[in-house]
**Q** 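If you scroll down you'll find the structure; I have some questions about it.
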2 protein chains.
Amino acid sequence: MREKVPDSPIERLRMTGLRPTRQRVALADLLFGRGDRHFTAEMLHAEAIGRGIPVSLATVYNTLHQFVEAGLLREVAVESSRTYFDTKTSSHFHFFIEGEGTLVDIDVPDLTVENLPEPPEGMEITRIDVLVRIAPKRERL
Amino acid sequence: MREKVPDSPIERLRMTGLRPTRQRVALADLLFGRGDRHFTAEMLHAEAIGRGIPVSLATVYNTLHQFVEAGLLREVAVESSRTYFDTKTSSHFHFFIEGEGTLVDIDVPDLTVENLPEPPEGMEITRIDVLVRIAPKRERL
DNA sequence: CTGTGTGCAAACTCTTTGCATAAGT
DNA sequence: ACTTATGCAAAGAGTTTGCACACAG
């Protein structure tokens, strides 16, 4: 008897037409269990294995992409050669902690980009990504 | 007798302490010759080869990273597994044309991000990336 | 000359794929 | 049963590295 989350992982999967297999349910459970999460495929795979969920890295990749396509997850471009995923799919922006490789939501409701021009003729805006890179403050250079 | 660009590629390289070798000069020439450019290592390599500049892909990668470190170039995170570079190093934001894989500067001087919160204690903002993804308008879904 | 840069091919990392086996409905 | 998903290991893309040769100062 949980709170707040009316749809269990299984419901969530059914809604998207994805068969609720062991692995998909287990991964969905990890991902959507509590709060928003930011991670790479390897991080999630390690976590799953650590919790005794038998799943291969290939399946983690497959599943993550299926989740993205189903709108359950979002991909965040941070660095080349490392794909980050985010469980929060609604419009929002991120801090990226350099060196640490961590993504953090910027929890400000009214964060906006001002004076954005129209996209070129015949084009429409798909999405706006704002990434604020931060690093430990240095005394002085 | 050019205009506007007081420092030749060679000057530019000297300023940064990089030896003006054939390849580096040739690449700098391609890159900083005219206007701002957005490209990947492979694109630049192909262009160099196409113009008869003998340079290996490895050297292109080396050179690009050296240029980034020297502040002559900037890296732009767009998609995982493809590193984009940008010859414009000053603060500005981009359109990314999906499907086409093209980056375009957003030429609006007063484009800003409003209501940005303070970074966490002891951290400072390194850089703010804004990427506006655009795609051909679809009739209706 | 002396040290740095270059090119090549091999190595590496992250990610995807092909195919036989296992699981869901 | 029938179909789709999984796991493994191998393949693939992009990027990096090690080392002998070449070039700039």
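Per chain, numbering begins at 1; letters A, B, ... match sequence-line order. The figures here come from the full heavy-atom set of this structure, side chains too, leaving out hydrogens, waters and symmetry mates.
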**Q** Measure NE2/H45(B) against C1'/dT16(D) and give the value in whole Å, please.
**A** 15 Å

**Q** Please tell me which of the listed nucleotides, dG7(D), dG25(D), dT6(C), lies nearest to the side chain of T59(A)?
**A** dG7(D)

**Q** Once you round it to whole Å, what is the distance between P of dC14(C) and CD of E79(A)?
**A** 11 Å

**Q** I'd like to check the ring-ring contact (aromatic ring centres under 6.0 Å, His included) partners of H45(B); sequence neighbours left out, ordered by chain and number.
**A** none

**Q** With a cut-off of less than 4.0 Å, is there a side-chain N or O of R14(B) near OP1 or OP2 of dG25(D)?
**A** yes

**Q** CG of L64(A) versus P of dT16(C): gap in Å, rounded?
**A** 10 Å

**Q** Figure out the CG/C1' separation between L44(A) and dT15(C), and round it to whole Å.
**A** 15 Å

**Q** Provide, to the nearest angstrom, the distance between the CZ atom belonging to R82(B) and the C1' atom belonging to dT15(D).
**A** 13 Å

**Q** If you check every side-chain atom of S56(B), which of dA5(D), dC8(C), dG25(D) has the closest atom?
**A** dC8(C)

**Q** By nearest atom, which of the nucleotides dT15(D), dT16(C), dG7(D) is closest to the Y61(A) side chain?
**A** dT16(C)

**Q** On the 0 to 90° scale, with breaks at 30° and 60°, tag the F32(A)-F67(A) ring pair as parallel, tilted or perpendicular.
**A** tilted

**Q** Under a 3.5 Å cutoff, is there a donor and acceptor pairing between the side chains of E79(A) and S81(A)?
**A** no

**Q** Check every atom of dA24(D), dG7(D), dT17(D) against the side chain of Q23(A) and return the nucleotide holding the closest atom.
**A** dG7(D)

**Q** Among L31(A), T40(A), L27(A), which one satisfies side-chain contact (heavy atoms from CB on, under 4.5 Å) with L64(A)?
**A** L31(A)

**Q** What's the verdict on side-chain hydrogen bond (donor to acceptor under 3.5 Å, both in side chains) for H92(A) and D86(A), showing C-alpha distance, side-chain angles and the deciding distance?
**A** CA-CA 11 Å; H92(A) 70 289; D86(A) 185 347; 2.8 Å; yes

**Q** How close or far is atom P of dT15(D) from atom CG of L57(B), stated in whole angstroms?
**A** 8 Å

**Q** Take atom CD of Q66(A) and atom C1' of dT15(C), then tell me their distance rounded to the nearest Å.
**A** 15 Å

**Q** By nearest nucleotide on DNA chain C, pick out whichever of V60(B) and S81(A) is the more 5' one.
**A** V60(B)

**Q** Using the closest heavy atom to pick a nucleotide of DNA chain D for each, name whichever of P54(A) or S80(A) lands nearer the 5' end.
**A** P54(A)

**Q** Hey, are the side chains of H38(A) and D105(A) touching, using non-hydrogen atoms and a 4.5 Å cut-off?
**A** yes

**Q** Identify which nucleotide among dC8(C), dC8(D), dT15(C) has an atom closest to any side-chain atom of H65(A), counting heavy atoms from C-beta outward.
**A** dT15(C)

**Q** Looking at dG14(D), I'd like to know if its phosphate oxygens (OP1 or OP2) sit under 4.0 Å from a side-chain N or O belonging to T83(B).
**A** no

**Q** Would you kindly compare V55(B) and P20(A) by the position of their nearest DNA chain C nucleotide and give the one closer to the 5′ end?
**A** V55(B)

**Q** State whether T63(A) places a side-chain N or O below 4.0 Å from either non-bridging phosphate oxygen (OP1 or OP2) of dA5(D).
**A** no

**Q** With no angle test and no hydrogens, is the base of dT3(D) tied to the side chain of R19(A) by a donor-acceptor pair under 3.5 Å?
**A** yes

**Q** Under 4.0 Å from OP1 or OP2 of dT6(D): is there any side-chain N or O of T21(A) that close?
**A** yes

**Q** Would you compute the distance between atom CZ of R51(A) and atom CG of D29(A) and round it to the nearest 0.5 angstrom?
**A** 9.0 Å

**Q** If you compare every side-chain N and O of R24(B) against the phosphate oxygens of dG5(C) (OP1, OP2), does one of them come in below 4.0 Å?
**A** yes

**Q** Specify whether F85(A) and H65(A) have parallel, tilted or perpendicular ring planes, treating 30° as the upper limit for parallel and 60° as the lower limit for perpendicular.
**A** tilted

**Q** In this structure, how many angstroms lie between the P atom of dG25(D) and the CG atom of L18(B), rounded?
**A** 12 Å

**Q** To 10°, what angle do the rotation axes through the five end pairs on each side of the helix from dC1(C)-dG25(D) to dT25(C)-dA1(D) form?
**A** 30°

